[in-house]
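Below: one structure, written as structure tokens.
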Amino acid sequence: MRFSQGGIFLLTYLAITPKALSECASRPALPLVHVAYAVGQGGCLTRCDATAFPRGGLMGLSDRCTGAIPRIDTLCRTIVAECVKRGFQGVLADFETNPYSDRLSFLSRLSARLSTRGMALYCPLSLPAEGAALLVGTGLSGGSLRALLEETACRYGAERLALDLERVMMDFPLPCPSGCGTPLTREELLALREKHPSSVYFSRELMAKYFTYSAGNGTHFVLFDDAETLRQKVKLAQNLGIQTAFLMFPEISDLLPEL
């Protein structure tokens, strides 16, 4: 799927597991990230579902290796070979920050090998591998999304950024000095809206909707995304020259028809 704004296109991928894809009534009309691969123990490439044979889109790669990755060059060659075999256009490395200092080196070397084949590597902003596109999360609870994207684009270049369209659904007690709220499920959010039918507002800074309600002796602030706010975030990214975005299927499965 490509969103268009002022002649700028934003390519949007849907990250989905083989199991969820098999349960869909019809194949989603989006290029896919196949969330099926991991760096396993010993630095081996593993696929979570041996009966699934994904093709096209991107390889979704997680990190399940405890300790440093041995034989990094061998692992990089194996990943590139699998991408060629499956017709992937690159890799989305869903790596969380961990205590193993070799991850940045691994991702930089993987990026270089993918690049020689015309493929791309997408990785977290916390692991800015050389030559890779960097994911910037949109799920803010404070500050300004525009300021975050502008500052990051100034540092790395907008053409090197990709949007991680995180769907926010959080309940914050007020005051909330930590900035950490309680995550809500879709059902919990709907139940709160039915129980507390207060006015809903749009935050231009966070680019999300919110409402407040009273419970006991305190007030709560509920921040949430829907299809409209996700489109607003996409529009902002397009205006800043960001060209790629990612949606996670479990977060937005109910919004796909609207998106």
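Because the structure is a prediction, the values reported are computed rather than measured. By convention here, the first residue in the shown sequence is residue 1.
- You'll find the side chain of Gln243 stays beyond 4.5 Å of the side chain of Leu10, heavy atoms only.
- Residues Tyr13 and Thr244 meet the side-chain proximity criterion, which asks for heavy atoms closer than 4.5 Å.
- In the hydrophobic clustering of ILVMFWY residues, with side-chain heavy atoms under 4.5 Å counting as a link, Leu223 and Tyr213 come out apart.
- Between the Ser22 side chain and the Lys19 main chain, a donor and an acceptor come within less than 3.5 Å of each other.
- Considering every non-hydrogen atom in both Gly87 and Arg55, the closest pair reads N-NH2, 3.9 Å.
- Under the 4.5 Å side-chain heavy-atom criterion for grouping Ile, Leu, Val, Met, Phe, Trp and Tyr, Leu165 is not connected to Leu184 through any hydrophobic cluster.
- Grouping the Ile, Leu, Val, Met, Phe, Trp and Tyr side chains by contacts below 4.5 angstrom, directly or via other members, places Phe172 apart from Phe211.
- Among residues at least two apart or in separate chains, salt bridge (charged side-chain N to carboxylate O under 4.0 Å, His left out) pairs with a member in residues 246-256 are Arg167-Asp254, Arg186-Asp254.
- Classified by interplanar angle (parallel below 30°, tilted 30° to 60°, perpendicular above 60°), the ring pair Tyr122/Phe246 is perpendicular.
- Taking 4.5 Å as the limit, every side-chain heavy atom of Cys123 sits out of range of all side-chain heavy atoms of Leu135.
- Between the Thr229 side chain and the Asp226 main chain, a donor and an acceptor come within less than 3.5 Å of each other.
- For Asp102 (side chain) and Ile69 (main-chain N/O), a donor-acceptor pair under 3.5 Å exists by modelled atom type.
- Closest non-hydrogen pair, Leu163 versus Ala237, comes out as CD2-CB, 3.6 Å.
- For Tyr201, the OH atom counts as loosely surrounded, since its 6.0 Å shell holds 12 or fewer non-hydrogen atoms of other residues, nucleotides or ligands.
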Passes side-chain contact (heavy atoms from CB on, under 4.5 Å), Ile16 versus Val33? Steps please.
CA-CA 6 Å; Ile16 188 169; Val33 178; over 6 Å; no
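- In terms of heavy atoms, Pro124 sits closest to Ala93 at CD-O, 3.3 Å.
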Please assess Gln41 against Arg64 for the test side-chain contact (heavy atoms from CB on, under 4.5 Å), listing each intermediate value before the final yes or no.
CA-CA 7 Å; Gln41 296 295 2; Arg64 298 178 186 170; over 6 Å; no
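- Between His34 and Arg86 the shortest side-chain heavy-atom distance does not fall below 4.5 Å.
- Ring centroids of Tyr210 and Phe221 are separated by less than 6.0 Å, placing the two rings close together.
- Leu149 CG to Asn239 CG: the interatomic distance, rounded to the nearest 0.5 Å, is 11.0 Å.
- Checked by atom type and distance alone, the side chain of Ser214 never pairs as donor or acceptor with a backbone atom of Thr219 at under 3.5 Å.
- Checked for salt-bridge contact, Arg109 and Glu130 miss the test: no charged N lies under 4.0 Å from a carboxylate O.
- Two residues are said to be in side-chain contact when any heavy atoms from C-beta on lie closer than 4.5 Å; Leu75 and Cys44 fail this criterion.
- Here the side chains of Arg146 and Leu236 are in contact, with some heavy-atom distance below 4.5 Å.
- Here the side chains of Leu107 and Phe95 are in contact, with some heavy-atom distance below 4.5 Å.
- The shortest heavy-atom contact between Leu125 and Thr152 is CD1-CG2, 3.9 Å.
- Atom CG of Leu255 and atom CZ of Arg231 lie 9.0 Å apart (nearest 0.5 Å).
- Residue Phe249 holds its CZ atom at 10.5 Å from CG of Leu30, rounded to the nearest 0.5 Å.
- A single hydrophobic cluster is seen to contain both Leu140 and Met170, as judged by linkage of ILVMFWY side chains at heavy-atom distances under 4.5 Å, directly or through other members.
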Could you walk me through whether Val84 and Met119 pass side-chain contact (heavy atoms from CB on, under 4.5 Å), step by step?
CA-CA 9 Å; Val84 171; Met119 302 175 191; 3.5 Å; yes
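- Arg160 contributes a side-chain N or O that, together with a main-chain N or O of Ala132, makes up a donor-acceptor pair within less than 3.5 Å.
- Classified by interplanar angle (parallel below 30°, tilted 30° to 60°, perpendicular above 60°), the ring pair Tyr37/Phe88 is perpendicular.
- Between Val39 and Ser62, the closest side-chain pair of non-hydrogen atoms is not below 4.5 Å.
- Using a 4.0 Å cut-off between charged side-chain N and carboxylate O, Lys209 and Asp225 make no salt bridge.
- The backbone N or O of Ala191 sits nowhere less than 3.5 Å from a side-chain atom of Glu194 that would complete a donor-acceptor pair.
- For Gln89 (side chain) and Gly56 (main-chain N/O), no donor-acceptor pair under 3.5 Å exists by modelled atom type.
- Atom-to-atom distance recorded for Ile242:CD1 and Leu161:CG is 5.0 Å, nearest 0.5 angstrom.
- Remark: side-chain polar atoms of Gln232 are not paired, donor with acceptor, to backbone N or O of Met207 under 3.5 angstrom.
- Considering all non-hydrogen atoms of both residues, Ser144 and Glu205 come closest at CB-OE1, 3.0 Å.
- Nearest heavy atoms, Gly137 versus Leu148: O-CD2, 3.9 Å.
- Proximity of a side-chain donor or acceptor of Thr17 to a complementary backbone N or O of Val35 within less than 3.5 Å is not detected.
- To the nearest 0.5 Å, atom SG of residue Cys176 and atom NE2 of residue His220 are 10.0 Å apart.
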With side-chain contact (heavy atoms from CB on, under 4.5 Å) as the test, would you mind laying out the steps for Leu145 and Lys233 before giving the verdict?
CA-CA 8 Å; Leu145 181 59; Lys233 293 174 182 181; 3.7 Å; yes
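- Arg103 places no side-chain N or O within 3.5 Å of a backbone atom of Glu96 that could act as its donor or acceptor partner.
- Between the CG atom of Leu190 and the OG1 atom of Thr185 there is a distance of 8.5 Å, given to the nearest 0.5 Å.
- One hydrophobic cluster, built from ILVMFWY side chains closer than 4.5 Å, holds both Leu45 and Leu110.
- Between Glu151 and Arg155, no side-chain nitrogen of the basic residue sits less than 4.0 Å from a carboxylate oxygen of the acidic one, so the salt-bridge criterion is not met.
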